[in-house]
Chemist: 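Below is the structure I would like to discuss, written out as structure tokens.
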2 protein chains.
Amino acid sequence: MDNNEIEKKLESKNVKPTAMRTLVYKTLTDSGKALSLADLEQRFEKVERSTIFRALKTFEDNFIVHSVDDGSGSVKYAVCDEDCTCNIHDLHVHFYCTRCGRTRCMKELPIPNIKLPEGYTYDNAQFIINGVCPRCD
Amino acid sequence: MDNNEIEKKLESKNVKPTAMRTLVYKTLTDSGKALSLADLEQRFEKVERSTIFRALKTFEDNFIVHSVDDGSGSVKYAVCDEDCTCNIHDLHVHFYCTRCGRTRCMKELPIPNIKLPEGYTYDNAQFIINGVCPRCD
DNA sequence: TTAAACTTTGCAATAGTGTTGCACTAACTT
DNA sequence: AAGTTAGTGCAACACTATTGCAAAGTTTAA
Ligand SMILES: [Mn+2]
Ligand SMILES: [Mn+2]
Ligand SMILES: [Zn+2]
Ligand SMILES: [Zn+2]
């Protein structure tokens with residue numbers, strides 16, 4: 001994805017496309033998997049952890065990325081679909097490969113609708129499947 | 001649950017029922033919800049974090065408790081059912097209340113069976129629902 | 001065009017969780 | 001009773017996440 005497209009994208013979500021943000025977004029979208037703060041930090045030596053952290057938070061607040069707690073000990077971030085508002089209808093299963101540590105959005109697998117007992121409300125959900133991915137098998 | 005029962009329980013799972021372990025187990029089972037290491041630590045001032053930690057690991061290794069990563073930042077632990085071997089058939093949904101922070105096993109809601117794309121294996125899963133519990137509503 | 005106002009970034013510090021090595025003590029074995 | 005094994009407490013450490021503050025950059029409005 002080229003920088004121009006990315007800038008448009010961020011602007012369309014009311015986020016000013018600074019150099020850092022563009023870089024973070026580009027890295028996330030190009031990687032094709034979910035990345036942690038530490039993953040991102042490694043990929044560009046020079047940039048401060050806190051800057052990346054704040055870029056991610058800004059993205060998350062504006063439905064540009066969503067976070068996944070895959071149980072690996074660090075939260076990962078993945079780009080949202082175009083029209084995502086991070087609500088129940090946008091939720092999907094995430095797959096965590098216990099061999100390579102890759103976490104992938106399974107956008108083709110929406111989180112199944114569960115009927116909760118009386119009295120519980122349902123705001124959000126995480127459904128993480130652990131196993132071995134095709135690459136590692 | 002009285003200490004005698006707990007000791008029987010632990011022995012039946014090949015874990016020597018020390019004073020600390022019995023205490024940890026009792027606290028977990030009496031609380032009726034999932035507790036974190038920090039939660040447990042608080043409940044008994046005197047006992048070392050690492051001792052509780054190791055008790056929990058031992059329990060987990062022996063299918064006495066299972067852990068839940070509810071996204072709150074600390075892993076929680078809950079007692080397993082009698083015949084649990086912590087495999088796919090024992091997996092159930094967990095509910096995390098965003099108001100009170102309580103995490104509850106929903107043993108009545110098994111994790112739905114998902115058909116993964118070709119090439120993925122399925123070893124384990126976590127399905128966490130976030131919302132508001134009846135107490136807090 | 002320049003000064004004021006606001007936003008973003010870098011740095012340093014901090015809190016919290018999880019984890020381990022090591023020495024001491026308790027329990028079990030012979 | 002002496003030797004061996006298992007459990008506990010303490011201290012240290014690694015790592016993630018998060019924040020205050022000051023410097024740098026950008027935008028706005030005189
Ligand atoms: Mn995703
Ligand atoms: Mn449970
Ligand atoms: Zn893999
Ligand atoms: Zn609640």
Side-chain angles (χ1 to χ4, degrees), chain A residues 3 6-7 10-11 13-28 34-62 64-78 96 101 103 126 128, chain B residues 3 6-7 10-11 13-28 34-62 64-78 96 101 103 126 128:
Chain A
N3 283 9
I6 295 173
E7 284 162 26
L10 299 187
E11 273 161 359
K13 302 272 189 170
N14 302 306
V15 168
K16 226 187 298 177
T18 66
M20 288 296 89
R21 286 173 183 164
T22 307
L23 181 57
V24 170
Y25 187 92
K26 185 171 170 49
T27 308
L28 277 177
L35 299 177
S36 69
L37 182 54
D39 291 338
L40 287 161
E41 206 183 343
Q42 279 197 304
R43 300 199 181 206
F44 21 82
E45 279 297 304
K46 289 271 188 170
V47 187
E48 244 292 309
R49 184 159 72 261
S50 61
T51 304
I52 307 169
F53 174 76
R54 287 190 268 228
L56 292 169
K57 285 296 164 206
T58 302
F59 290 169
E60 207 177 4
D61 292 346
N62 292 280
I64 295 169
V65 307
H66 58 278
S67 60
V68 191
D69 191 336
D70 62 13
S72 68
S74 49
V75 176
K76 304 224 171 110
Y77 299 86
Y96 176 70
T103 295
Q126 293 259 0
I128 316 291
Chain B
N3 283 9
I6 294 173
E7 284 162 26
L10 298 187
E11 273 161 358
K13 303 274 188 169
N14 302 306
V15 169
K16 225 187 297 176
T18 67
M20 288 296 91
R21 287 173 182 164
T22 306
L23 181 57
V24 170
Y25 187 93
K26 185 172 170 47
T27 308
L28 276 177
L35 299 176
S36 69
L37 181 54
D39 291 338
L40 287 160
E41 207 183 343
Q42 278 197 303
R43 301 201 179 205
F44 21 82
E45 279 299 304
K46 289 273 191 171
V47 188
E48 245 292 308
R49 186 159 70 263
S50 59
T51 305
I52 306 169
F53 174 76
R54 286 190 269 229
L56 292 170
K57 286 295 165 208
T58 303
F59 290 169
E60 206 177 5
D61 291 346
N62 292 280
I64 295 167
V65 306
H66 58 278
S67 59
V68 191
D69 191 336
D70 61 14
S72 67
S74 50
V75 175
K76 304 228 171 107
Y77 298 85
Y96 176 70
T103 295
Q126 293 259 359
I128 316 292

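All values below were derived from every heavy atom in this structure, side-chain atoms included, with hydrogens, water molecules and symmetry-related copies excluded. Lettering of chains follows the sequences in order, A, B, ..., and the numbering in each one begins at 1.
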Chemist: Within less than 4.0 Å of OP1 or OP2 of C/dT17, is there a side-chain N or O belonging to B/Ser36?
Modeler: no
Chemist: Is the backbone N or O of B/Ser72 less than 3.5 Å from a side-chain atom of B/Asp70, with the two atoms forming a donor-acceptor pair by type?
Modeler: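 Answer holds: yes.
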Chemist: Rounding to a whole Å, what distance do you find between A/Asn14:CG and C/dT7:P?
Modeler: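 From A/Asn14 CG to C/dT7 P: 14 Å.
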Chemist: Testing the basics here: between A/Val24 and A/Phe59, what is the closest heavy-atom pair and its distance to 0.1 Å?
Modeler: CG1-CE1, 3.9 Å
Chemist: Of the nucleotides C/dG10, C/dT17, D/dG9, which one has an atom closest to the side chain of B/Val47?
Modeler: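 Looking only at heavy atoms from C-beta outward on B/Val47, the closest nucleotide is D/dG9.
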Chemist: Just how far is it from atom CD of A/Glu41 to atom CZ of A/Phe53, taken to the nearest 0.5 Å?
Modeler: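 The CD atom of A/Glu41 sits 12.5 Å away from the CZ atom of A/Phe53.
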Chemist: In whole angstrom, give the distance that lies between atom CG of A/Leu37 and atom P of C/dG10.
Modeler: 13 Å
Chemist: Below 4.0 angstrom from OP1 or OP2 of D/dT8, is there any side-chain N or O of B/Thr18?
Modeler: yes
Chemist: For A/Glu48 and D/dA17, what is the distance between atoms CD and C1' respectively, to the nearest whole Å?
Modeler: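 Those two atoms, CD and C1', are 13 Å apart.
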Chemist: Is the shortest side-chain N/O distance from B/Lys16 to OP1 or OP2 of C/dA26 below 4.0 Å?
Modeler: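 B/Lys16 to C/dA26 OP1/OP2: no side-chain N or O under 4.0 Å.
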Chemist: Atom OH of A/Tyr77 and atom P of D/dA17: how far apart are they, to the nearest Å?
Modeler: 6 Å
Chemist: How many Å lie between CG on A/Asp39 and C1' on D/dC15, as a whole number?
Modeler: 13 Å
Chemist: Report yes if at least one side-chain N or O of A/Thr51 is closer than 4.0 Å to OP1 or OP2 of C/dG10; otherwise report no.
Modeler: yes
Chemist: Looking at D/dA6, C/dG10, D/dT19, which one has an atom nearest to any side-chain atom of A/Phe53?
Modeler: D/dT19
Chemist: Kindly indicate, with the supporting measurements, whether the criterion side chain to side chain contact (heavy atoms under 4.5 Å, CB included) is fulfilled by A/Tyr25 and A/Glu7.
Modeler: CA-CA 10 Å; A/Tyr25 187 92; A/Glu7 284 162 26; over 6 Å; no
Chemist: Rounding to an integer number of Å, can you tell me how far B/Ile52 CD1 sits from D/dG7 P?
Modeler: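 Answer to the nearest Å: 16 Å.
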Chemist: Looking at the side chain of B/Lys57, which of C/dT19, C/dT17, D/dC10 is the nearest nucleotide?
Modeler: C/dT19
Chemist: Can you find an N or O donor on one side and an acceptor on the other, under 3.5 Å apart, linking the side chain of A/Ser74 with the base of D/dC15?
Modeler: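 A donor-acceptor contact between them is absent.
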Chemist: Which nucleotide sits closest to the side chain of A/Arg21: D/dG20, D/dT18, C/dT8?
Modeler: C/dT8
Chemist: Step by step, work out the side chain to side chain donor-acceptor pair (under 3.5 Å) result for B/Asp39 and B/Ser36.
Modeler: CA-CA 5 Å; B/Asp39 291 338; B/Ser36 69; 3.1 Å; yes
Chemist: From CG of B/Asp61 over to P of D/dG7, roughly how many Å is that when rounded to an integer?
Modeler: 12 Å
Chemist: Go through the N and O atoms of the side chain of B/Arg54 and the base of C/dG18, and report whether any donor-acceptor pair is under 3.5 Å.
Modeler: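 Donor-acceptor pair under 3.5 Å: no.
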Chemist: How many Å lie between CG on A/Leu35 and P on D/dA17, as a whole number?
Modeler: 13 Å
